[in-house]
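These notes concern the structure reproduced below.
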Amino acid sequence: MSQHLKSNVIPPSRQREMPRAGLTWIGQSMKRVEDPRILSGKGGYIDDVAVPGMAHAAMVSSPHAHARIVSIDTSKAKALPGVIGVYTGDDMATVVDPCPSFASPPITQHPMSIGKVRHVGEVVAAVVAEDRYIAEDAAELVEVEWEILPANVDIEASAAATGDALLHPEDRESNVALDESFSFGDVDQHFADAHTVVKRRLRWQRSSAQAIETCGVVAQFDPFKGGYTIHSNSNFYNFIPFVIGGSLRVSPGELRIIPVLTGGSFGSKVFNHKIIILTAGLARLAGVPVKYIEDRLEHFTNSDSHGSDRLYDAELAVAEDGTFTSLRFTVMDDYGAYLQFGVGTHGNAMAQVTGPYQIQSFGMRVIAVLTNKTQQGPYRGFGSEVTNWVMERMADAAAEEMGRDPVALREQNMIQPDQFPYMIPTGNIYDSGNFQKVLAEAKSMFDFDGWRDKAKAMRAEGRCVGVGLATCMERSVYGPTEWWSLNNKETPGFTLTSTPEGITVRLDPSGKMFVTLNSPMVGNSPETVVAQILAERLTIAPEDIVFNYSDSQSGFNGVGPQGSRFTAMIAGACVSAAIKLEERLKRFGAHMLQRRPEDVELRNGTVAVKGLNDQEKPFGEIALTSSFFRLSFPDGEEFDSGLETTAVYDHPLSTDPAEDRSHLGIFYPIVGHICHIVAVEVDPGTGKVEILDYAAVHDNGTMVNPRTLAGQVWGGTANGIGTTLSEQFIYDADGQFTNPNFAEFAMPTANEMPRNFKLGHVETPSPFTEYGIKGGGEGGRLGAPSALSSAIEDALSDHGVKITSLPVTPPILRGLIRDAEQGATA
Amino acid sequence: MTKVSIEVNVNGRTRHATVPPRMLLSDFIRHELSLPGTHVGCEHGVCGSCNVVVDGRAVRSCLMFAVQAEGAEITTVEGLAQGDDLHPIQQAFWEEHGLQCGFCTPGMLATAQELLAQNPDPSDDEIREAISGNLCRCTGYEFIISAIRSAAAKLRERESETTLQPV
């Protein structure tokens, strides 16, 4: 181990339920508990919420990328019948303060612009009216006088901008919001000693999640109680009161956030704090409950959830025998107009930046650049999808420069099965894995050798067919140091270290089990997962469990589905709750059976005497007796009525970053592995890529529900295919966002998906989580872009086309082919 | 704005209403008839989440005005299940894991109804073609295709059970 990692000691495992064969419910592809109500149209999404006296909001949005607001005339809008009020940023500022910011020092963002706008779509005024139609009519009548400012669109140009082109002259004297350098291990020495230094300039352009449901809020303000009641489709409703209370000028306890079923997130609804503050402020100003649901255009242009937009200058140090020794890069990231989460997306990438390879050191300079675009937020992968692609592009580049087979070179550098837990140069660990097994499984499933021969033969016939393979990491179960560990050491910001997940379990007198969760359903399967785990641990049937969701006042300790954490974390909470409930069940049951608690066990939903088949009490009878017949039990608070327990599970394995940032600590250690292999054919005349064959093998540890995990892999792969081949946000030179709609931002339809997708699983259980579960919500998008890029480059190898920028839409790829052809003939 | 009286049959029930001529059918179904199972994803006819079955055809309810539905028979997702029995298409989506967040699902179900009414035994490519106007961001479509294939088999089986065979 490198000297710089010596202080980063791996804590002991807190695993209580060992991974094992012969489980009853864990590992079954059980039908989802959530589905019947959703399938019958009774899910209850945000736009289904209606409260008495509710009015509707519509926004007046900026048509300019960068402009001063000279004046706003709301008189015509206010005069329209049915309008309750029209409000500007100055009005809004009388009831709310700026949005919270994880950037440190912060970049000021108002929920409604004051003084100037910094991107197209930014809200400058809002109408509250009796219905949405009237509100939109009135919004059209608001007149704004603008003074246009220079628009920053290009990442490098914006970094050098001055004067009127500065976005936030009051917060920063430059459009560079953060510029930090890190060195983990002896990077300089490794590069000095390298036989070959592979260099590439790589570009990853922005897109976003675009869940089919947009964000929305229904907010009410009660001036006499001094608080807000808010329905929101945020993923993080038990945490945001503590983040936005200040903005709303109330204590967190005066915010009641009520969750709803959420129509997809993929990161885009993690916080939703701006839309909550905005709508809550309108409710307070208008004196009525207000509903605001983004339309699709607003979701594209103002929802603060654009994905990474990065330019890398990357270098890989390679020894003569092909050993990768060090990786370093300078990365500029176009964060858009604000910096809500700091450089958390780069912090995330530090979890697995060196991929599945034994790379000894890593160095980085990260430059966060502000431009006149919608700001970034999370999108499936949260920055690690980009570094996976960078690492795999560099591995392919190294193979090419050294004349090596790209797969053999990967295998040579891979971490071996006996090296786990493996600490990478940044200080994060990979808890377990068997990358060789995943690779072998994927190659066999795909008939990799056969396909490579076939592709070669097809290329000999003049067809552009190629095969690509990627071996990538899928970190899961995040620790929050990713948000702040890359901030300036002197101003690290809010150095949060908790990511708990809680659960309440009550066995009611009828024998039904009522479970309250503290994180919402966003398309994952929280109820199904909990049903399977509680059924397993407590020997009951999943159908005897009924689910509820807390609100932010009745619950606590929920961080939500993000960072592929929920299944592993809630499994921990389930085990803790089950241990507590088992103790109570045994105490009451043993008394009813006239035995000692140590003489009974849980068996098929009963407390039963060990070794005897006919002496048992069903849970329902114990629950009934313990709830309604107190005098049947001894005195003492251990026999207090009822069977209810609340349990919280904390992050299973994390350590703090080193004070001097020589390492970042362990923060994202439950690590899966994926291998994607794809065969493609490129039409050189149009630049269109057709996927001929696809195989993906994922190792997410112990699988709770193979079918729902497969759904996550499939869905993530579809996102990755879109990211690679079709999805691109196009800004023109004036900062106009030219394609913010579903017709022109081309997400894959069923027709773009591979016809014969083969999916495999390897199970390497985690030694640190309950039952060995790892997260698996992001893997598809973490692997597909790398494999596809490799395949396209292979397909066009005769043309000399290199894939150094994503996406490669047909016009872009056609352009690359044309440039290569012209270069060859010139 | 002058309102217009309309009469439509929704899920087997005749509904009378007076609506502004510009009210979208999607808003009418969701907010006037209180049938929130029909979802609005883009409001410009691309995503298909708002699909409902109007006179046997799956249509974008965000691209129709409510007044254009005068006299029509409409089936929304709320009209599929009979009591606590899910419709075979819904059942197939459940069994095959054809949904994750469920937001696009009512539109998918409407499209599947139209397809399977016209083509009881579609090939996978025909299913792909039929749902290519419905966007789903969760599933990658594979299990939706499985679900529609399975629903087709269920419906064919139900048809053969209810058709009197010659003796």
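Convention: sequence-line order gives letters A, B, ...; per-chain numbering from 1.
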Does any non-hydrogen side-chain atom of [Y] lie less than 4.5 Å from one of [X]?
X	Y	result
A/Arg296	B/Glu43	no
B/Val40	A/Asp47	no
A/Thr708	B/Phe143	no
B/Leu99	A/Leu39	yes
B/Cys138	A/Trp714	no
B/Arg128	A/Thr749	no

Side-chain ion pair, A/Glu727 and B/Arg137, N-O less than 4.0 Å: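 The answer is yes: the pair qualifies as a salt bridge.
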
Greatest number of heavy atom pairs closer than 4.5 Å to chain B - which of [options]:
options	answer
A/Gly715, A/Ala750, A/Gly41, A/Ala718	A/Ala750
A/Thr214, A/Asp295, A/Asn719, A/Val522	A/Asn719
A/Gly523, A/Ser29, A/Gly264, A/Gly780	A/Gly523
A/Gly716, A/Gly43, A/Gly711, A/Gly44	A/Gly711

Give, as side chain, backbone, both or neither, the part of [X] having an atom under 4.5 angstrom from any heavy atom of chain B.
X	result
A/Thr717	neither
A/Ala50	neither
A/Asp131	neither
A/Gln712	both

Rounded at 0.5 Å granularity, tell me how far [atom1] in [X] sits from [atom2] in [Y].
X	Y	atom1	atom2	result
B/Gln91	A/Lys31	CD	NZ	6.0 Å
B/His97	A/Met30	NE2	CE	12.0 Å
B/Asp125	A/Asn751	CG	CG	8.0 Å
B/Cys104	A/Glu213	SG	CD	12.0 Å
A/His56	B/His31	NE2	NE2	7.0 Å

Considering heavy atoms only, which positions within residues 752-760 of chain A lie below 4.5 Å of chain B?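 The list, in residue order, reads A/Met753, A/Pro754, A/Arg755.
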
With side chain to side chain contact (heavy atoms under 4.5 Å, CB included) as the test, pick out the partner of A/Ile212 among B/Cys42, B/Cys136, B/Cys47.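 Looking at B/Cys42, B/Cys136, B/Cys47, the match for A/Ile212 under the side chain to side chain contact (heavy atoms under 4.5 Å, CB included) is B/Cys47.
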
Using heavy-atom distances under 4.5 Å, tell me whether [X] contacts chain A through its side chain, its backbone, both, or neither.
X	answer
B/Phe103	both
B/Leu35	neither
B/Val46	side chain
B/Thr139	backbone

State whether the number of non-hydrogen atoms from other residues, nucleotides or ligands found under 6.0 Å of [X] atom [atom1] is greater than 12.
X	atom1	answer
B/Arg156	CZ	yes
B/Gln82	CD	no
B/Glu70	CD	yes

Shortest non-hydrogen contact from B/Trp94 to A/Arg32?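 Nearest heavy atoms, B/Trp94 then A/Arg32: NE1-O, 2.8 Å.
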
How far apart are the closest heavy atoms of A/Thr262 and B/Cys101, and which atoms are they?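 In this case the closest contact between A/Thr262 and B/Cys101 is O-CB, 3.6 Å.
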
When only pairs under 4.5 Å are counted, which of B/Ser49, B/Gly37, B/Gly102 shares the most heavy-atom pairs with chain A?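 Most pairs with chain A among the choices: B/Gly102.
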
What option among B/Asn134, B/Ile127, B/Asp27 has the most heavy-atom pairs under 4.5 Å with chain A?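 Top option by heavy-atom pairs under 4.5 Å: B/Asp27.
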
Name all residues meeting the side-chain hydrogen bond (donor to acceptor under 3.5 Å, both in side chains) criterion together with B/Asn9; count only those two or more places apart in sequence or in a different chain, and write none if there are none.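 Once residues adjacent in sequence are excluded, B/Asn9 has no partner under the side-chain hydrogen bond (donor to acceptor under 3.5 Å, both in side chains) criterion.
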
Do the rings of B/His44 and A/Phe742 sit parallel, tilted or perpendicular, given the 30° and 60° boundaries?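 Answer is tilted, since the angle falls between 30° and 60°.
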
